[in-house]
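Written out below as structure tokens is the structure these notes cover.
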Amino acid sequence: MSDNENKENAATPETSTHFIEDIIDADLAAGKNDGRVATRFPPEPNGYLHIGHAKSICLNFGLAQKYGGTCNLRFDDTNPATEDVEYIDAIQEDVRWLGFDWGDRLYYASDYFEQMYEYALVLIRAGKAYVEALSVEEIREYRGNFTTPGRESPWRDRPVAENLDLFARMRKGEFKDGELCLRARIDMQSPNMNLRDPVMYRIRHAHHHRTQDDWCIYPMYDWAHGLEDAIEGITHSLCTLEFENHRPLYDWFLEQLPIHRPQQIEFARLNLSYTVMSKRRLLKLVEQQLVTGWDDPRMPTITGMRRRGYSPAALRRFAERVGLARRDGIVDMALLEHTVREDLNETTPRVMAVLNPLKVTIENYPEGEEEFFEAPLHPEKPEFGTRQLPFSRHLYIERDDFREDPPKKWHRLSPGAEIRLRYACLIRCNEVIKDASGEVVELKCTFDPDSRGGNAPDGRRVRGTSHWVSATHALPARVRLYDRLFRVENPLKTEEGGDFVDNLNPQSLEELRDCRVEPYLATLAPEARVQFERLGYFVADRHEFRPDDMVFNRAVSLRDSWARIERSQPTGPSSANRGQRRAAEKQGAQPSAPAPAAKTETKPQAAAPAASPAEITIDDFARLDLRVGVVVAASEVAGAKKLLQLQVDIGEARPRQIMAGIRARYDDPSQLVGKKVIVVANLKPRQMKFGLSEGMLLAGASEDGTRLELAELSGDILPGDTVA
RNA sequence: UGGGACGUAGGCUAAUGGUAUGCCCCAGGUUUUUGGUACCUGUCAUUGUAGGUUCGAAUCCUACCGUCCCAACCA
């Protein structure tokens with residue numbers, strides 16, 4: 001590589017610029033705004049901030065940092081009916097915790113009310129605004145709809161003097177709520193509904209948390225927001241896509257006034273799988289006590305994620321990583337979890353905790369004796385230091401780390417097997433003690449005195465390493481295991497008449513009350529993040545943790561490749577697949593290919609370490625939407641030996657295309673045409689090599705049990721009928 | 001239904017007329033006193049579809065299809 005190339009590479013930025021940076025670069029190049037970049041983060045104090053806001057915060061503050069500009073924190077407090085000081089405090093705490101500093105640039109829209117009022121007078125005098133006397137219902141009716149243009153209000157041509165008088169009296173409080181309002185005089189025919197004489201001020205005799213009872217008229221968003229930006233000298237006003245239709249209005253208002261003209265730019269809001277992101281819905285979860293509060297660790301709120309143990313750096317990195325574009329989509333929760341693991345892996349000390357303790361007695365270790373092993377707090381970072389691990393005759397190990405009948409590839413403890421206790425020694429299991437019900441209650445083991453520190457004296461290979469605590473020294477703790485709040489990727493997709501709360505994951509929280517942790521953990525401060533070795537990243541609960549009553553929340557589990565191996569083992573407990581098949585057999589049918597059940601839908605949660613992996617319940621099975629389908633076309637798929645491509649009418653606007661691995665049985669596909677079959681209608685469509693498959697057909701063994709056969713139906717049934 | 005936007009792999013994302021980038025997911029492997037981490041390898045895209053312009057198109061043009069947003073005195 002030449003020097004030249006080296007230089008070029010060095011100059012190439014690691015991340016490419018996104019479209020907003022491109023706009024700013026162009027503005028700067030054109031000499032706009034005197035080379036200034038000024039952004040703002042303008043939350044309405046009517047709820048807590050969520051991860052979507054975090055994206056916006058990182059964007060706005062990040063841009064200011066990058067361009068040497070400023071970013072204001074501004075509360076858009078124009079609606080006293082829904083706003084509250086509780087939120088004002090919480091929002092500031094969240095932004096600060098995320099790592100951003102607004103310096104002395106904290107502003108409130110309500111500080112501009114007087115100025116806005118003056119500007120409204122300007123519009124009235126110019127004949128661009130008028131006092132409306134129609135009722136809310138009448139205004140709605142006059143507005144028309146998408147297809148029919150609006151009609152002009154009878155008050156639209158009220159003389160300026162009268163408007164001025166009425167508006168002044170509105171302010172003085174001479175009218176009741178809703179009796180009058182101030183409207184912009186724009187265009188009732190506009191195809192953009194926002195331009196059909198939008199309301200600028202409404203009358204609300206309400207107490208405002210900052211202006212008290214000074215005002216009884218409050219500005220609407222469209223009128224207020226551009227003014228707030230203009231007054232603060234914002235250059236680039238960033239907002240989400242749904243405000244795109246408002247931009248002509250944003251611009252129109254500012255054009256009427258002799259003030260600074262900020263530029264509104266929209267970007268796609270962040271959506272995350274397995275959660276909801278609107279304040280309205282989050283509020284519902286809180287109010288109906290479906291979660292413990294705004295800071296419930298399962299909530300996608302910033303404060304919830306904080307309590308969950310996510311770090312500010314992880315959230316910032318995530319915001320960076322999801323990118324910025326104008327196309328909306330749903331970011332995979334797995335990306336967030338990956339980012340959290342990545343950050344916590346680098347920043348977090350390792351400690352040992354046993355969540356489901358199983359008693360172990362080291363028979364050749366003297367009763368009453370103890371010793372201490374020095375163990376590093378981070379295996380790759382000596383600068384983290386070490387701590388002393390007490391060891392004695394009586395220990396606890398994780399119940400999951402022992403199996404009486406070990407499956408293949410099991411590296412952990414089982415009768416006669418030898419494992420390493422992390423940083424301590426090698427032990428071998430000699431005897432299994434069970435209680436009356438047959439449950440394993442204790443293991444009798446011996447340790448190899450020459451293996452102190454954990455190394456095999458003769459270099460023998462010991463593959464399994466378990467975490468452990470000394471029973472005589474360990475401290476009790478409560479541990480909460482969290483899982484995703486919703487059991488489906490998009491909780492907003494519900495059955496007819498359903499509600500997103502129907503999709504809540506009933507197993508999103510599991511509290512373990514009988515955990516044992518090493519003594520070192522009592523020195524932790526609330527909110528300290530640690531890795532419990534081999535289990536996951538945990539945080540000392542910021543509200544409930546005390547040295548004598550320890551409470552930990554699991555931020556995220558470690559990746560668990562054993563769970564994967566076991567899942568794929570034919571002899572292991574049933575995989576998601578097998579479970580589903582078993583359930584299907586009860587109904588006398590067996591799902592046949594194409595895609596053996598959507599992986600992402602039935603994937604067992606890596607979570608709950610104690611849970612038996614991958615079972616599905618009868619409730620899961622009931623989620624299958626089975627429909628009657630009529631095959632309208634069937635053909636072979638060129639290049640695929642097993643597949644048939646079917647068009648199946650299930651009573652929808654168009655037939656579904658379904659790829660089925662049944663070619664071996666139906667060598668003449670045309671014989672299938674006209675047959676009534678059973679279709680899994682709510683299976684996530686799957687893009688296969690040979691085309692999209694939009695469902696799955698049920699099949700079973702033929703009567704003589706020798707071949708596969710599609711389950712067929714007959715009788716007076718129609719495509720789309722539900723199969724009970 | 002009128003208007004506005006958006007379509008790149010299973011999910012995000014890059015590309016600025018020069019032959020599809022990176023991350024996540026998934027599958028395998030190496031190292032390992034965490035079945036973690038790190039590292040390596042692999043699967044997956046004729047860029048929504050169909051035409052056109054061009055030596056050359058994800059990029060420009062046309063048409064179609066699909067998805068999202070808008071009919072609060074909410075923001």
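Protein chains get the first letters and strands the later ones, always in sequence-line order, with residue 1 at the start of each. What you see is a predicted model, and the numbers here were worked out from it, not measured in a lab.
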### Query
Does D560(A) come within less than 4.0 Å of R534(A), counting only side-chain N to carboxylate O?
no
### Query
What integer number of Å spans the C1' atoms of G3(B) and C24(B)?
37 Å
#### Entry: Test: E342(A) and R321(A) ion pair at under 4.0 Å
yes
### Query
With rounding to whole Å, what would you report as the distance between C74(B) and U67(B) at their P atoms?
32 Å
### Query
Is there a donor-acceptor contact under 3.5 Å from the side chain of D343(A) to the main chain of A313(A)?
no
### Query
Considering only side-chain heavy atoms of V331(A), which listed nucleotide, C74(B), C12(B), G3(B), is closest?
C12(B)
### Message
Can you see whether Y108(A) has R210(A) sitting over its ring - NZ or CZ less than 6.0 Å from the centre and within 45° of the normal?
### Response
yes
### Query
Contact class for N455(A) vs. all strands (heavy atom < 4.0 Å): base, sugar-phosphate, or nothing?
base
### Task
Return no unless some side-chain N or O of R202(A) is found under 4.0 Å from OP1 or OP2 of C74(B).
yes
### Message
What is the separation between atom CG on L59(A) and atom P on U13(B), rounded to the nearest whole Å?
### Response
13 Å
### Message
We want to know whether H209(A) and D84(A) form a side-chain donor-acceptor pair, criterion being a heavy-atom distance below 3.5 angstrom.
### Response
no
### Message
What's K409(A) touching, base or sugar-phosphate or nothing? Going by heavy atoms closer than 4.0 Å.
### Response
base
### Message
Expressed as a whole number of angstroms, how long is the span from N345(A):CG to C39(B):P?
### Response
11 Å
### Task
Identify all stems in which RNA chain B takes part, counting only runs of at least 3 consecutive pairs (Watson-Crick or G-U wobble, each distance under 3.5 Å), and give each as one range with another, ordered by first number.
B:2-7 with B:65-70, B:10-12 with B:22-24, B:26-30 with B:38-42, B:48-52 with B:60-64
#### Entry: Integer angstrom distance from the C1' of U13(B) to that of U21(B)
9 Å
### Task
With heavy atoms under 4.0 Å as the rule, sort R420(A) into base, sugar-phosphate or nothing.
base
### Query
Contact class for S561(A) vs. all strands (heavy atom < 4.0 Å): base, sugar-phosphate, or nothing?
sugar-phosphate
### Query
Contact class for L134(A) vs. all strands (heavy atom < 4.0 Å): base, sugar-phosphate, or nothing?
base
### Task
Could you state the atom-to-atom distance from CD of E489(A) to P of C12(B) in whole Å?
9 Å
### Message
So L335(A), base contact, sugar-phosphate only, or nothing? Heavy-atom distance under 4.0 Å.
### Response
sugar-phosphate
### Message
Please pick, from A75(B), G35(B), C23(B), the nucleotide with the shortest atom-to-atom distance to any side-chain atom of F243(A).
### Response
A75(B)
### Message
Within the 4.0 Å heavy-atom criterion, would you say E342(A) contacts the bases, only the backbone, or no part of the nucleic acid?
### Response
nothing
### Task
Take the protein atom CD of E337(A) and the nucleotide atom P of C26(B), then report the distance between them rounded to whole Å.
11 Å
### Message
What's E44(A) touching, base or sugar-phosphate or nothing? Going by heavy atoms closer than 4.0 Å.
### Response
sugar-phosphate
### Query
Closer than 4.0 Å, any side-chain N/O of R196(A) to the OP1 or OP2 of A72(B)?
no
### Query
Rounded to whole angstrom units, what separation is found between the CD atom of E533(A) and the C1' atom of U37(B)?
11 Å
#### Entry: Out of G2(B), G36(B), A75(B), whichever nucleotide has its closest atom nearest the side chain of R350(A)
G36(B)
### Query
Does the distance from a Lys or Arg side-chain N to an Asp or Glu carboxylate O, for D229(A) and R40(A), drop under 4.0 Å?
yes
### Message
Please determine whether a side-chain nitrogen or oxygen atom of R321(A) lies at a distance below 4.0 Å from atom OP1 or OP2 of C23(B).
### Response
no
## Note on the structure
The nucleotide from G35(B), A14(B), C73(B) with an atom nearest the side chain of R204(A) is C73(B)
### Query
T339(A) side chain N/O closer than 4.0 Å to the phosphate oxygens (OP1, OP2) of C24(B)?
no
### Task
Decide, for A58(B), between syn and anti: a glycosidic angle within 90° of 0 counts as syn, anything else as anti.
anti
## Note on the structure
Contacts of K381(A) meeting side chain to side chain donor-acceptor pair (under 3.5 Å) (sequence neighbours excluded), chain-then-number -> none
### Task
Output the single nucleotide from C12(B), A75(B), A71(B) whose closest atom is nearest the side chain of N145(A).
A71(B)
### Message
Any base atoms under 4.0 Å from H246(A), or only sugar-phosphate, or nothing? Heavy atoms, all strands.
### Response
base
#### Entry: Nearest to side-chain heavy atoms of W410(A), which nucleotide of G35(B), C73(B), C6(B)
G35(B)
### Task
Verify the contact: side-chain N or O of T78(A) to OP1 or OP2 of A75(B), cut-off strictly under 4.0 Å; return yes or no.
yes
### Query
At under 4.0 Å, does any side-chain N or O of R463(A) touch on OP1 or OP2 of U32(B)?
no
### Query
Can you tell me if the side-chain N/O atoms of R143(A) get under 4.0 Å from OP1 or OP2 in C73(B)?
yes
### Query
Could D197(A) and R156(A) be called an ion pair, given the rule that one side-chain N must be under 4.0 Å from one carboxylate O?
yes
### Query
Looking at the side chain of P379(A), which of G3(B), A75(B), G36(B) is the nearest nucleotide?
G36(B)
### S135(A) and E138(A): side chain donor to acceptor below 3.5 Å
yes
#### Entry: R534(A) side-chain proximity, nearest of G35(B), C73(B), G4(B)
G35(B)
### Message
Looking at H338(A), I'd like to know whether one of its side-chain N or O atoms comes within less than 4.0 Å of OP1 or OP2 on C24(B).
### Response
yes
## Note on the structure
note: M333(A), atom CE; G11(B), atom C1'; distance rounded to Å ~ 13 Å
### Task
Check whether any side-chain N or O of R140(A) sits under 4.0 Å from OP1 or OP2 of A72(B), and answer yes or no.
yes
#### Entry: Gap in Å between the two C1' atoms, one belonging to U19(B) and one to U47(B), rounded
13 Å
### Task
Between C26(B), G35(B), G4(B), spot the one nearest the side chain of R559(A), thanks.
C26(B)
### Task
In whole angstrom, give the distance that lies between atom CZ of R327(A) and atom C1' of G11(B).
11 Å
### Query
With a non-hydrogen cut-off below 4.0 angstrom, is A325(A) in contact with a base, only sugar-phosphate, or nothing?
sugar-phosphate
### Query
Side chain of D22(A): nearest nucleotide among A75(B), A14(B), U16(B)?
U16(B)
### Query
For Q531(A) and T348(A), what are the C-alpha separation, side-chain angles and deciding distance, and is it a side-chain hydrogen bond (donor to acceptor under 3.5 Å, both in side chains)?
CA-CA 6 Å; Q531(A) 185 198 93; T348(A) 265; over 6 Å; no
### Query
Rounded to whole angstrom units, what separation is found between the CZ atom of R564(A) and the C1' atom of G29(B)?
15 Å
### Query
Can R247(A) and E244(A) be counted as an ion pair, charged N to O under 4.0 angstrom?
yes
#### Entry: Sugar-phosphate only, base, or nothing, as touched by I139(A) at under 4.0 Å among non-hydrogen atoms
base
### Query
U43(B) and G10(B): how far apart are their C1' atoms, nearest whole angstrom?
12 Å
